[in-house]
Amino acid sequence: MTDTRWLSVPAPAKLNLMLHITGRRPDGYHNLQTLFQFLDYGDTLHFRRRDDNELTLVPAIDGVPFEDNLIIRAARLLQQRAGKTCGADIRLDKTLPMGGGLGGGSSDAATTLLALNELWQLQLSPDELATLGLTLGADVPVFVRGAAAFAEGVGEQLTAVPELPEPWYLVVCPQVHVNTGKIFSHEGLTRDTAPINIRTALRQGGRNDCQQVVTVLYPEIGNALNLLNKLSPAKMTGTGACIFSSFGSEAEAIRVSDQLPAEYVAFVAKGVNQSPAHRVLFRPS
Ligand SMILES: C[C@@](CO)(OP(=O)(O)O)[C@H](O)COP(=O)(O)OP(=O)(O)OC[C@H]1O[C@@H](n2ccc(N)nc2=O)[C@H](O)[C@@H]1O
Ligand SMILES: Nc1ncnc2c1ncn2[C@@H]1O[C@H](COP(=O)(O)OP(=O)(O)O)[C@@H](O)[C@H]1O
């Protein structure tokens, strides 16, 4: 018999507060230095345990086949490790734009790993889940760990930075889908930024090395940056398309949001150093 209770868990967005590319590895991947912070905003996933080995997911994402969906890929990785019957019905409330640099797919995958590990009582450790997650994408481990972090390597070497301020952000989402692989393979990409230490990153922030190439390839993003910069200092997250500005209060962020042209898609959200997924799953009892 199928369990009738649903476990609802957020899959938050992330921002890259800075993103430096410090080199290219022999396998073609790039070494980065980045500061990840979560937003109290994102997708929500609902999980219900089944007594067979089936996985279901509704709704489907247009253009993403079932077995390619990062939610299903994450669940399959756990099924392979389980050694027992494990199935689930999964519902997805998708809020985050795809290819927006907000890490929606990676966050969905991490929430699936964390939630099904609980629901199926697999008792995999955070290290094991982060290692599994890395096989799905470079951003998955930070969502699995659930702590704002300075990341190095391809994003998997994480040092928690609980001292980051937690401002309000205005996030503007130009309606274009940026292909991460295309940005990293572009010949004009800055790939030789000198490494800095965490203290410097926290004190000075930094730039986004992908921004220049992205704004050439996707002029809509450059236009949005120019416009938001007139109202408040703005930067791109990840490989775009979304851009953001930080504010001391929600009211200030909303005031600037209200000045944007009506056709702009934007939202206001609080930066948080603990993932909302962890807040729900590992609530102190
Ligand atoms: C650069 C970041 C910063 O957060 O950008 P966003 O994707 O979030 O915008 C991420 O690390 C992206 O991670 P993710 O989106 O999971 O990328 P992946 O699927 O692992 O990689 C997509 C492609 O980008 C290139 N790639 C990605 C990450 C990296 N450090 N070096 C690379 O060269 C590779 O060609 C890879 O095939
Ligand atoms: N559950 C999912 N949510 C979003 N994207 C997914 C998902 N599963 C697979 N994908 C694929 O991953 C790509 C990157 O999506 P996403 O992680 O949202 O972008 P970004 O890393 O730029 O924030 C999408 O274009 C889509 O093809």
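We count ligands from 1, going down the list as the structure has it; atoms in each ligand are counted the same way. Throughout, numbering of the chain's residues begins at 1 and tracks the sequence. The figures that follow rest on heavy atoms only: side chains count, while hydrogens, waters and symmetry mates do not.
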**Asked** Mind checking whether Gly28 has a heavy atom under 4.0 Å from ligand 1?
**Response** yes
A student comparing Thr239, Asp209, Asp27, Ile183 should find that the heavy atom closest to atom 6 (P) of ligand 1 comes from Thr239
Any donor-acceptor N or O pair under 3.5 Å, side chains Thr111, Asp108
no
Counting from 1 in the order shown, the ligand 1 atoms closer than 4.0 Å to a non-hydrogen atom of Gly238 are 5 (O), 9 (O)
- Query: Does the side chain of Leu78 reach to within under 4.5 Å of the side chain of Leu124, using non-hydrogen atoms?
  - Reply: yes
- Message: Is there a side-chain contact between Tyr218 and Ile183 in this structure, where contact means two heavy atoms from C-beta onward sitting under 4.5 Å apart?
- Response: yes
Quick note on ligand 1: atoms under 4.0 Å from a heavy atom of Leu32 include exactly 11 (O), 30 (N)
Within 4.0 Å of some non-hydrogen atom of Phe36, the atoms of ligand 1 are 4 (O)
heavy-atom search around atom 10 (C) of ligand 1 in the protein gives Asp139 OD1, 3.2 Å
among protein heavy atoms, the one nearest atom 29 (C) of ligand 1 is Tyr29 CD2, 3.5 Å
Ranked by distance from atom 35 (O) of ligand 1, the top protein heavy atom is Gly181 CA, 4.2 Å
Those residues at least two apart in sequence (or on a different chain) that pass side-chain contact (heavy atoms from CB on, under 4.5 Å) with Arg25 are Asp27, Tyr29, Asn31, Val154
So for Thr237 against ligand 1, with non-hydrogen atoms under 4.0 Å, the contacting part is neither
If you scan protein heavy atoms around atom 19 (O) of ligand 1, the nearest is Gly137 CA, 4.5 Å
Note to self: For a side-chain hydrogen bond (donor to acceptor under 3.5 Å, both in side chains) check, start with the C-alpha distance between Asp209 and Thr190, then their side-chain angles and the critical distance, and finish with the verdict.
What the structure shows: CA-CA 6 Å; Asp209 279 338; Thr190 300; 4.9 Å; no
among protein heavy atoms, the one nearest atom 20 (O) of ligand 1 is Ala138 N, 3.2 Å
Can you label the angle between the Phe38 ring and the Phe143 ring as parallel, tilted or perpendicular, going by 30° and 60°?
tilted
Among non-hydrogen protein atoms, atom 26 (N) of ligand 1 lies closest to Phe184 CD1, 3.4 Å
Subject >> Side chains of Ile196 and Met18 in contact at under 4.5 Å (non-hydrogen atoms) >> reply: yes
Across all chains, not counting sequence neighbours, the salt bridge (charged side-chain N to carboxylate O under 4.0 Å, His left out) partners of Asp52 are Arg50
Contacts for ligand 2, heavy atom under 4.0 Å, by chain and number, are Ile61, Val64, Asp68, Asn69, Leu70, Ile71, Lys94, Pro97, Met98, Gly99, Gly100, Gly101, Leu102, Gly103, Gly104, Gly105, Ser106, Asp108, His177
If we number the atoms of ligand 1 from 1 as shown, the ones under 4.0 Å from a heavy atom of Gly101 are 9 (O)
Sorted by chain and number, sequence neighbours left out, side-chain contact (heavy atoms from CB on, under 4.5 Å) with Leu227 holds for Leu260, Pro261, Tyr264
Of Leu15, Asn16, Val142, the residue with the heavy atom nearest atom 3 (C) of ligand 1 is Asn16
One finds that the ligand 1 atoms under 4.0 Å from a non-hydrogen atom of His30 are 29 (C), 30 (N), 31 (N), 32 (C), 33 (O)
Atom 7 (O) of ligand 1: closest protein heavy atom, distance to 0.1 Å, is Thr180 OG1, 3.3 Å
Nearest non-hydrogen protein atom to atom 8 (O) of ligand 1, with distance, is Lys14 NZ, 2.6 Å
Discussion item. Does the protein come close to atom 16 (O) of ligand 1 - that is, does one of its heavy atoms sit below 4.0 Å from that atom?
Written reply: yes
